[in-house]
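One is the number of the first residue; the rest follow in order along the sequence.
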Amino acid sequence: MCGTCGCGEGQVQIDGKAYHDHPREIALERDIMAKNNGYADANRARFHANHTLALNLVSSPGSGKTELLVKTIAALGTDTPCHVIEGDQQTSNDADRIRATGAPAVQINTGKGCHLDAHMVGHAVDDLAPERGGILFVENVGNLVCPAGFDLGEAHKVVVLSVTEGEDKPLKYPDMFAAADLALINKADLLPYLDIDINLMITNARRINPNIDVIQISAKTGAGMPAWLAWIMAAQAARLSASAAE
């Protein structure tokens with residue numbers, strides 16, 4: 001007899017006793033991201049109230065996003081208050097490079113963590129206290145997987161992709177390119193020396209996200225920087241307009 005219900009069908013043996021293998025369905029309806037999303041909504045409201053444009057820069061390691069960020073801050077100049085949150089598993093190297101530009105920066109070391117979350121960012125913003133009407137750059141941990149799923153309260157995700165990474169990178173990491181509003185294809189100065197089809201790289205990015213903006217850029221030579229800066233200023237104008245409308 002079944003030790004569970006007394007029936008004689010579908011029995012399994014556990015420690016010499018017969019049990020009916022009863023099928024069960026368990027509904028998991030709680031959003032596992034709900035806690036993060038709550039913090040993200042709080043960050044977003046804070047940025048909106050402070051007229052802060054928050055940009056989440058994401059990439060794989062070695063794309064050159066820290067150098068690009070250094071050059072971006074220098075190009076924006078003192079008329080545009082810039083603040084930076086740096087995410088890395090270890091070291092404060094990137095935050096030190098940012099502080100050398102004169103921009104305030106907070107380093108978050110995630111240890112074994114592969115991404116920043118909205119709670120971490122909220123605490124970092126407490127420390128930074130960004131100036132009203134400025135720009136907050138969040139340089140996420142180098143990873144094209146985990147950061148794609150975590151809303152930080154940012155206005156835009158900006159994915160930085162170097163030309164050395166191959167045309168199929170957007171196809172390999174579709175979630176990140178689907179979540180991003182802009183793709184910066186960095187290290188464009190290397191194109192003459194590489195066997196890469198840049199048009200195919202852009203096509204693949206737009207196969208994943210037809211609405212993604214794409215800018216070819218070189219942090220080394222400055223090529224593409226005017227277009228990138230114009231994109232930032234347009235995003236900031238949209239942010240200020242939305243805040244002023246309320």
Side-chain angles (χ1 to χ4, degrees), residues 30-59 65-66 68-70 72-88 94-95 98-99 101-110 113 115-141 146-160 176 178-184 209 211-213 228-246:
R30 182 181 177 187
D31 183 356
I32 61 173
M33 297 297 292
K35 189 172 183 179
N36 179 81
N37 291 343
Y39 286 121
D41 288 341
N43 290 345
R44 192 167 6 258
R46 184 175 184 178
F47 298 148
H48 185 79
N50 199 44
H51 297 187
T52 298
L53 173 67
L55 301 177
N56 183 6
L57 273 60
V58 292
S59 78
K65 68 180 181 296
T66 305
L68 180 60
L69 188 49
V70 166
T72 300
I73 293 168
L76 287 170
T78 56
D79 290 339
T80 305
C82 294
H83 298 74
V84 180
I85 297 172
E86 283 289 342
D88 258 320
D94 290 347
I98 296 299
R99 293 186 190 111
T101 70
V106 169
Q107 179 75 55
I108 299 176
N109 291 128
T110 60
H115 62 274
L116 297 178
D117 64 35
H119 193 214
M120 297 174 186
V121 168
H123 282 301
V125 173
D126 289 339
D127 292 337
L128 277 173
E131 293 182 45
R132 186 175 178 83
I135 299 174
L136 174 67
F137 294 100
V138 180
E139 185 178 353
N140 220 311
V141 178
C146 303
F150 281 80
D151 182 6
L152 305 181
E154 73 273 24
H156 304 283
K157 280 186 175 68
V158 177
V159 60
V160 182
M176 183 59 77
D181 293 312
L182 172 66
L184 294 175
N209 182 353
N211 296 318
I212 197 168
D213 292 327
W228 163 227
L229 296 175
W231 189 93
I232 294 173
M233 290 296 98
Q236 178 65 328
R239 165 62 70 194
L240 294 174
S241 177
S243 297
E246 295 189 355

At their closest point, which heavy atom of A118 faces which heavy atom of N36, and how far apart are they?
-> N-OD1, 2.9 Å
Find the distance between CG (L69) and CG (D94) and round it off to the nearest 0.5 Å.
-> 9.0 Å
Could you pull out the closest heavy-atom pair between A148 and A179, with the gap in Å?
-> O-CB, 4.1 Å
When rounded to the nearest 0.5 angstrom, what is the spacing between CG in L57 and CD1 in I85?
-> 12.0 Å
Verify side-chain contact (heavy atoms from CB on, under 4.5 Å) between N140 and F150, making sure each step is shown before the conclusion.
-> CA-CA 11 Å; N140 220 311; F150 281 80; over 6 Å; no
Within the side chain of T101, is there an N or O that forms a donor-acceptor pair under 3.5 Å with the backbone of I98?
-> yes
Are the side chain of R132 and the backbone of A49 linked by a donor-acceptor contact shorter than 3.5 Å?
-> yes
T52 side chain to A54 main-chain N or O, any donor-acceptor pair under 3.5 Å?
-> no
Where is the tightest heavy-atom contact between P147 and V58, given as atom of each residue plus distance?
-> CB-CG1, 4.1 Å
Donor-acceptor contact present, side-chain E131 to main-chain H83, <3.5 Å | no
Can you name the closest pair of heavy atoms from Q107 and R99 and give their distance?
-> N-NH2, 4.1 Å
Full working for side-chain contact (heavy atoms from CB on, under 4.5 Å) between V158 and W231 = CA-CA 11 Å; V158 177; W231 189 93; 4.1 Å; yes
Indicate the atoms forming the closest heavy-atom contact of P104 with C82, along with that distance.
-> CD-O, 3.3 Å
Within a strict 4.5 Å, meaning less than it, do heavy atoms of the V121 and Y39 side chains meet?
-> no
Would you give the length of the straight line joining atom CG of L136 to atom CG of N50, rounded to the nearest 0.5 angstrom?
-> 10.0 Å
List the atom of G133, the atom of L240, and the distance in Å for their closest heavy-atom pair.
-> CA-CD2, 4.5 Å
For H51 and Q236, what are the C-alpha separation, side-chain angles and deciding distance, and is it a side-chain contact (heavy atoms from CB on, under 4.5 Å)?
-> CA-CA 9 Å; H51 297 187; Q236 178 65 328; 6.0 Å; no
Ignoring hydrogens and geometry, is there a side-chain-to-backbone donor-acceptor pair from N43 to L152 under 3.5 Å?
-> yes
Among N56, I232, L53, side chain to side chain contact (heavy atoms under 4.5 Å, CB included) partner for F137 | I232
Quick one: do L182 and H156 satisfy side-chain contact (heavy atoms from CB on, under 4.5 Å)? Show the steps, please.
-> CA-CA 8 Å; L182 172 66; H156 304 283; over 6 Å; no
Do the non-hydrogen side-chain atoms of D213 and D181 ever get within less than 4.5 Å of each other?
-> no
Distance, nearest 0.5 Å, that separates CG of L55 from CD1 of I135 = 6.5 Å
Residues D126 and R46 bridged, charged N to O under 4.0 Å = yes
Measure the spacing between CG of L68 and CD of E139 and express it to the nearest 0.5 Å.
-> 9.0 Å
Value rounded to 0.5 Å, distance of CE in M33 from CG in D151 | 8.0 Å
Member of D88, D117, V141 meeting the side chain to side chain contact (heavy atoms under 4.5 Å, CB included) criterion with T110 = V141
